[in-house]
Amino acid sequence: MTAIPATMQAIDPAEPGGPEVLTLVERPVPRPGAGEVLIRVAAAGVNRPDVLQRKGGYPPPPGAPSIPGLELAGVVVAVGEGVVAEAVGQPVCALVAGGAYAEYAVAPWGTCLPVPEGLSLVEAAAIPETLFTVWTNLFERGYAVEGDTVLVHGGTSGIGTTAIALAGAFGLTIIVTAGSDEKCAAARRLGADHAINYRTEDFVARVKEITGGRGCAVVLDMVGGDYVPRNLQCLGEDGRHVSIAVQGGASATIPIFDIMRRRLTLTGSTLRPRDAGFKSMVADELYRTVWPHVAAGRVRPVIDRTFPFAEAPAAHARMEAGDHVGKIVLVMHG
């Protein structure tokens with residue numbers, strides 16, 4: 001095992017701004033605390049919360065590093081108190097509250113998952129953030145079960161492509177929305193049962209048509225705003241509406257009597273502020289339920305494009321342009 005250096009390259013903007021603030025700087029290599037491991041980062045996923053943080057709209061939770069990045073993959077090079085020494089040398093991917101845009105990062109051992117044979121570290125880096133998010137919201141909060149029909153907005157996003165993969169693995173019929181015919185075709189190629197171009201079609205009418213008027217069991221929504229009452233029209237009786245972002249507005253007007261009459265449930269969550277104990281519990285559940293599908297190749301992340309670490313501005317620009325299909329990944333080391 002190579003010696004751990006005292007300093008590392010990282011992206012740690014001093015001020016909010018555009019993609020150009022994502023420059024490489026030198027920072028001390030962090031030390032793992034109790035229950036943590038130090039990972040030599042091979043790749044880090046780029047997610048929309050990273051963009052929001054860069055703009056100053058999504059500060060790290062208390063105790064999290066100011067370095068952005070919520071998911072990574074690499075090799076464990078040191079362990080903190082309470083972590084087995086055998087962890088050193090293991091390739092893992094991990095969900096973190098920040099710090100992934102760096103050559104080294106600390107992660108709670110409980111939120112690390114082993115990288116199966118046949119899965120590259122770049123692919124592994126693209127899994128944790130969207131997998132934890134979709135699993136906890138679509139399956140745990142939305143109670144999606146085999147045979148259900150679900151509606152997921154942003155079908156070609158990291159969230160959308162992950163939802164498509166999990167729907168295939170767990171027997172859901174999935175309807176997605178996307179902003180162009182090309183993206184709809186891409187979503188269908190990835191396994192979506194139906195894809196609706198929200199710019200040219202009324203997704204409420206199309207969902208009713210697809211479901212024969214019965215509606216969906218679950219809507220997974222990242223838009224918010226005026227989408228919420230429209231989403232509720234897509235739900236069948238006892239349907240569940242799960243909010244995970246508010247890209248289209250943080251407030252909505254909802255028909256309360258209709259919610260009562262059809263026994264609808266409105267819920268939602270944010271993952272980043274949850275404590276390591278909760279995330280570790282989810283990681284354990286994913287290891288038992290989803291990881292066999294990952295290891296067998298049935299669930300794979302969709303990689304849109306990779307960028308060298310120093311080209312993080314270009315990676316963020318691509319995410320903001322909205323043309324990507326799947327995940328954008330920064331590659332630090334092979």
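Quick note: residue numbers are just sequence positions, from 1. Quick note: numbers below take in every heavy atom, side chains included, and nothing from hydrogens, waters or symmetry partners. Here the structure is a predicted model, which is why all the values come from computation and not from measurement.
Atom OH of Tyr143 sits in a sparse spot, with 12 or fewer heavy atoms from other residues, nucleotides or ligands closer than 6.0 Å. Arg298 CZ: more than 12 foreign heavy atoms inside a 6.0 Å radius. For Glu81, the CD atom counts as loosely surrounded, since its 6.0 Å shell holds 12 or fewer non-hydrogen atoms of other residues, nucleotides or ligands.
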Would Arg54 and Asp50 count as a salt bridge (charged side-chain N to carboxylate O under 4.0 Å, His left out) here? Give the steps. CA-CA 6 Å; Arg54 190 202 77 223; Asp50 305 346; over 6 Å; no
Candidate pair Arg262 and Asp258, rule salt bridge (charged side-chain N to carboxylate O under 4.0 Å, His left out), full reasoning: CA-CA 6 Å; Arg262 296 195 288 132; Asp258 191 45; 3.0 Å; yes
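Using a 4.5 Å heavy-atom cutoff, the side chains of Val79 and Pro32 are not in contact. Counting heavy atoms from C-beta on, the side chains of Phe139 and Leu172 come closer than 4.5 Å. Side-chain atoms of Thr111 and Val282, non-hydrogen and from C-beta on, never get closer than 4.5 Å to each other. At a threshold of 4.5 Å between non-hydrogen side-chain atoms, the residues Gln53 and Arg272 count as touching. Within the 4.5 Å cutoff, the side chain of Val83 has no heavy atoms near those of the Glu36 side chain. In this structure, the side chains of Met8 and Pro30 come closer than 4.5 Å at one or more pairs of heavy atoms. Considering only heavy atoms from C-beta on, Leu119 comes within 4.5 Å of Arg300 through its side chain. In this structure the side chain of Phe278 never reaches within 4.5 angstrom of the side chain of Phe132, judged on heavy atoms.
Remark: Glu71 CD to Asn47 CG distance equals 4.5 Å, nearest 0.5 Å. Leu22 contributes atom CG, which lies 7.0 Å from atom OH of Tyr101 (distance to the nearest 0.5 angstrom). Note: Cys184 SG to Glu201 CD = 7.0 Å, rounded to the nearest 0.5 Å. If you take CG on Leu131 and SG on Cys93, they are separated by 8.5 Å, rounding to the nearest 0.5 Å. Here CG of Leu70 is found 8.5 Å from CG of Leu271. Values are rounded to the nearest 0.5 Å.
A side-chain hydrogen bond (donor to acceptor under 3.5 Å, both in side chains) with Thr267 is found for one member of Arg240, Arg141, His241 and no other, namely Arg141. Here the options are Val204, Leu266, Val219, the test is side chain to side chain contact (heavy atoms under 4.5 Å, CB included), and the partner is Leu232; only Leu266 passes. Paired with Leu38 under the rule side chain to side chain contact (heavy atoms under 4.5 Å, CB included), one option of Val77, Val75, Val76 passes, and it is Val77.
By the 6.0 Å and 45° rule, Arg206 does not stack over the aromatic ring of Phe203.
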